[in-house]
Colleague: 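Here you go, one structure.
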Amino acid sequence: MLPAELPYNGKSREDILRHARLLIGKRLADLYPKTVFTGASGKGGFGNHVEKYHFKYEPNSVSEPDFPDAGVELKTSPLRKSRRGHWKSKERLVLGLINYDGIVKEIFENSAFLKKNHHLLIIFYEHDGGASLPNLMVHLVGDWRYPDNDLAIIEKDWATIQSKVLAGRAHLLSEGDTVYLGASTKGSNAKSLRNQPFSDVKAMQRAFALKSRYVNFIIENFESGERPSGQTSPIFATDEKKRLATVGFDNLVVSRFDRYVGKSPRAIANANSLTINFQAKSAYANLTKGVLIGQLDAEIEEFRKAGITVRTIRIDYEGTPREAVSFPAFEYIELVKEEWEDSNLMADCAKLFIVVYQCANRIFDDKKLRLKGAFFWNTPVEDLEHARETWGKTREVINNGAIVSSVSGSRRRTNFPGAKGNPVVHVRPHGTTTADVYPLPVPDLVTGAFEYTKHSFWLNQKYLRRVIAESLPD
DNA sequence: GCATGATCATGC
DNA sequence: GCATGATCATGC
């Protein structure tokens, strides 16, 4: 079909949006009951159906936006419901393949990426593995343009990806490299290797994608019609877009901590007029929050949108971490349904903000802690592969009902992957007591129970030692 | 001494 | 009541 024949070519953005909104609360089968739906199912299938049966044009993959005159790009994206009943993005929002040969010749303002994706029309539907495409339910529809600071961060993200390709390192691209816009793998594995212009090493095919947490932010906007209702506060004022696009988000955040290196946590709290309860286990996390946004009763907006987690690590005089670092407890039933690319562990590991306090005494003493520094840790691809191994083994153990290996008194041993078997991530308990449990998808063979003590993924102590030594050299 | 199991203190 | 970020305790 020629563009001139497109029914919505020439229509205004408002008209297109109005038509899209007809889908809210509906399935294609409701709107077009007499239609015989044909075409591929599977990934991308729903988007094709919406183009074909609702907007009446044949799906294409041209580099222009789907509605050229209105400058709007149509996207469909799946939702899942959180345990608390809120809509969450099921996965990242893919915004087109990265052309390694093309991106190195572009500047952002005129890039293929920006041309196609500066204005999105997003149709969110409920993921349902069992339903056919015409029976998927649409829940949220809206158009999306990026706030100024977000676009500045995305510009820098794009430039980060470009510079890696320019350096002949396209094969080392990783989601953690960037803040909101990631270079997401596309195609499962070695089969989708591509040439890159400045190296003979083949690189994974990758696509630009808004990270899952950023998509959650868009969802919250669509739901509330305004800013997210949860209390968040930004690190950067709206007039800092220039510095965000040039100096970069990571550098600007880290520089906020540089002036406190060598200072005690209490001194840092005082310098920022923060009243912190140092009895609380969340004291360090609160301190970090206070330094960045000046208040304790809100979340760091940019971190939430980027899915960056803050962790504080205390190290001894020699540089050894006191403890491993935990992520939130996983739900067994959810974990076994995940795909690696969209897993919680992948998102948790991809990008961390780590604040390190070191003991000034040879004998460890919490009162002698001094800030050693703060840094972003973007877990490299090879380490993510190790994390994936732990993730896979954990799912296997759960699916086989083989969590418990032995019980002796009140202590039980499990078959979960330990720190000995993996250089990066292991599994440990993570609840209030052993009675603090989540349900299991299959009962445990040893205990017969349909639930088990909460567990989570932990970053190994030894791994953290290496990470800190690398990021904060003496 | 390290790896693993168990639990704490808070705030929403 | 429970998620979160963190720390304590024990056995090999």
Side-chain angles (χ1 to χ4, degrees), chain A residues 82-86 88 228-233 265 274-290 295-300 303-304 307-332 334 344 347-349 352-357 359 363-367 369 390 393-394 397 403-439 446-447 451-465:
Chain A
S82 75
R83 236 163 33 101
R84 292 174 178 179
H86 298 124
K88 297 275 172 193
S229 47
Q231 284 297 315
T232 65
S233 181
L274 298 166
T275 309
I276 299 230
N277 173 9
F278 279 99
Q279 308 288 0
K281 294 211 172 187
S282 54
Y284 295 116
N286 284 337
L287 182 55
T288 301
K289 192 189 278 186
Q295 60 182 107
L296 305 180
D297 50 1
E299 268 189 83
I300 302 167
F303 280 20
R304 177 169 164 181
I308 299 167
T309 42
V310 177
R311 285 297 185 271
T312 308
I313 302 174
R314 302 168 304 150
I315 60 176
D316 66 17
Y317 194 83
E318 305 291 335
T320 302
R322 295 293 286 174
E323 304 286 347
V325 152
S326 66
F327 295 122
F330 46 69
E331 295 189 49
Y332 300 106
E334 297 301 319
N344 282 302
D348 287 338
C349 290
L352 294 123
F353 184 62
I354 297 176
V355 184
V356 180
Y357 292 93
C359 184
I363 296 170
F364 192 85
D365 179 355
D366 265 324
K367 294 189 187 71
L369 290 175
T390 295
K393 283 181 186 165
T394 305
V397 167
I403 295 179
V404 180
S405 62
S406 67
V407 183
S408 59
S410 62
R411 284 181 97 79
R412 296 163 302 179
R413 302 191 69 80
T414 74
N415 291 312
F416 281 134
K420 275 184 184 161
N422 188 288
V424 179
V425 177
H426 65 279
V427 171
R428 296 244 295 280
H430 191 164
T432 312
T433 64
T434 51
D436 195 5
V437 296
Y438 275 136
V446 171
T447 64
E451 55 191 25
Y452 196 67
T453 308
K454 290 176 185 172
H455 276 63
S456 70
F457 294 108
W458 297 66
L459 291 175
N460 294 1
Q461 234 163 318
K462 279 182 184 161
Y463 179 66
L464 292 170
R465 185 187 165 108

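A note on names: the letters A, B, ... follow the listed sequences, proteins ahead of strands, and every chain is numbered from 1. Everything quoted here is computed from the prediction, not taken from an experiment.
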Colleague: What pairs with A:Ala298 under side chain to side chain contact (heavy atoms under 4.5 Å, CB included), at least two apart in sequence or on another chain?
Modeller: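 If we apply the side chain to side chain contact (heavy atoms under 4.5 Å, CB included) test to A:Ala298, skipping adjacent residues, the hits are A:Gln231, A:Ser233, A:Ile293, A:Gln295.
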Colleague: Taking the side chain from A:Glu323 and the backbone from A:Ile313, do they hold a donor-acceptor pair closer than 3.5 Å?
Modeller: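 Not confirmed, A:Glu323 side chain does not pair with A:Ile313 backbone.
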Colleague: Got a sec? Which of residues 278-289 of chain A come in under 4.0 Å of DNA chain C, heavy atoms?
Modeller: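 Result for residues 278-289 of chain A: A:Lys281, A:Tyr284, A:Ala285, sorted by number.
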Colleague: Does A:Phe278 have more than 12 heavy atoms from other residues, nucleotides or ligands lying within 6.0 Å of its CZ?
Modeller: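 Counting neighbours around CZ of A:Phe278, more than 12 heavy atoms of other residues, nucleotides or ligands fall under 6.0 Å, so yes.
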Colleague: To the nearest Å, give me how far apart CG (A:Leu296) and P (B:dT10) are.
Modeller: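 My rounded result for the distance is 15 Å.
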Colleague: Whole angstroms only, please: what is the NZ-C1' distance between A:Lys454 and B:dT7?
Modeller: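 After rounding, the gap between these two atoms is 13 Å.
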Colleague: Figure out the CD1/P separation between A:Ile403 and B:dG5, and round it to whole Å.
Modeller: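 The distance from CD1 of A:Ile403 to P of B:dG5 comes to 12 Å, rounded to the nearest Å.
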Colleague: Start with the C-alpha distance between A:Tyr284 and A:Leu369, add both sets of side-chain angles, then the distance that settles side chain to side chain contact (heavy atoms under 4.5 Å, CB included), and finish with yes or no.
Modeller: CA-CA 12 Å; A:Tyr284 295 116; A:Leu369 290 175; 3.2 Å; yes
Colleague: Pick the closest DNA chain C nucleotide for A:Trp458 and for A:Asp436 by heavy atoms, then say which residue is nearer the 5' end.
Modeller: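 Its nearest nucleotide being more 5', the pick is A:Asp436.
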Colleague: Is the shortest side-chain N/O distance from A:Asn277 to OP1 or OP2 of B:dA9 below 4.0 Å?
Modeller: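 False: A:Asn277 side-chain N/O out of range (4.0 Å or more) of B:dA9 OP1/OP2.
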Colleague: In whole angstroms, how far is the C1' atom of B:dC2 from the CG atom of A:Leu464?
Modeller: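 My rounded result for the distance is 15 Å.
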Colleague: If the plane angle is over 60° it's perpendicular, under 30° parallel, otherwise tilted; pick one for A:Phe330 and A:Phe416.
Modeller: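 Because their plane-to-plane angle is over 60°, the rings of A:Phe330 and A:Phe416 count as perpendicular.
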Colleague: Take the protein atom CZ of A:Arg304 and the nucleotide atom P of C:dG5, then report the distance between them rounded to whole Å.
Modeller: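 My rounded result for the distance is 13 Å.
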Colleague: Who pairs with A:Pro429 by side chain to side chain contact (heavy atoms under 4.5 Å, CB included), at least two apart in sequence or on another chain?
Modeller: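 Partners of A:Pro429 under the side chain to side chain contact (heavy atoms under 4.5 Å, CB included) test: A:His455.
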Colleague: Would you tell me if any nitrogen or oxygen in the side chain of A:Thr434 comes within less than 4.0 Å of OP1 or OP2 on B:dT7?
Modeller: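 Answer is yes, contact under 4.0 Å.
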Colleague: Could you note down all residue pairs passing salt bridge (charged side-chain N to carboxylate O under 4.0 Å, His left out) where residues 451-464 of chain A supplies at least one of them, sequence neighbours left out?
Modeller: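 Every pair satisfying salt bridge (charged side-chain N to carboxylate O under 4.0 Å, His left out) with a residue in residues 451-464 of chain A: A:Asp436-A:Lys454.
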Colleague: How many Å lie between NE2 on A:His455 and P on B:dA6, as a whole number?
Modeller: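 It is 7 Å, rounded to the nearest whole Å.
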Colleague: To the nearest Å, how far apart are A:Ile276 CD1 and B:dT10 C1'?
Modeller: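 Rounded to whole Å, this separation is 13 Å.
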Colleague: For a quick test of reading the model, state the closest non-hydrogen atom pair linking A:Ala283 to A:Asn277 and the distance between them.
Modeller: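 Nearest pair, atom of A:Ala283 first, then A:Asn277: CB-O, 3.5 Å.
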Colleague: Among residues 412-430 of chain A, which contact DNA chain B at a heavy-atom distance under 4.0 Å?
Modeller: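 Nucleic-acid contacts, sorted: A:Arg412, A:Arg413, A:Thr414, A:Gly418, A:Ala419, A:Lys420, A:Arg428, A:Pro429, A:His430.
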Colleague: If every non-hydrogen atom of A:Leu352 is compared with every non-hydrogen atom of A:Asp348, which pair is closest and at what distance?
Modeller: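 So the minimum-distance heavy-atom pair works out to CG-O, 3.7 Å.
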Colleague: Nearest whole angstrom, please: distance from the P of C:dG5 to the CD1 of A:Ile354.
Modeller: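 About 13 Å, once rounded to whole Å.
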Colleague: Give, ordered by number, those residues of residues 309-323 of chain A having at least one heavy-atom distance below 4.0 Å to an atom of DNA chain C; if nothing qualifies, reply none.
Modeller: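 When residues 309-323 of chain A is checked for heavy atoms under 4.0 Å from DNA chain C, the hits, listed by number, are A:Arg311, A:Thr312, A:Arg314, A:Glu323.
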Colleague: Under the criterion side-chain hydrogen bond (donor to acceptor under 3.5 Å, both in side chains), I'd like the reasoning laid out for A:Arg413 against A:Ser406: C-alpha separation, chi angles, the key distance, then a yes or no.
Modeller: CA-CA 5 Å; A:Arg413 302 191 69 80; A:Ser406 67; 5.0 Å; no
Colleague: Evaluate the criterion side-chain hydrogen bond (donor to acceptor under 3.5 Å, both in side chains) for residue pair A:Arg412 and A:Thr453; output intermediate values, then yes/no.
Modeller: CA-CA 10 Å; A:Arg412 296 163 302 179; A:Thr453 308; 2.6 Å; yes
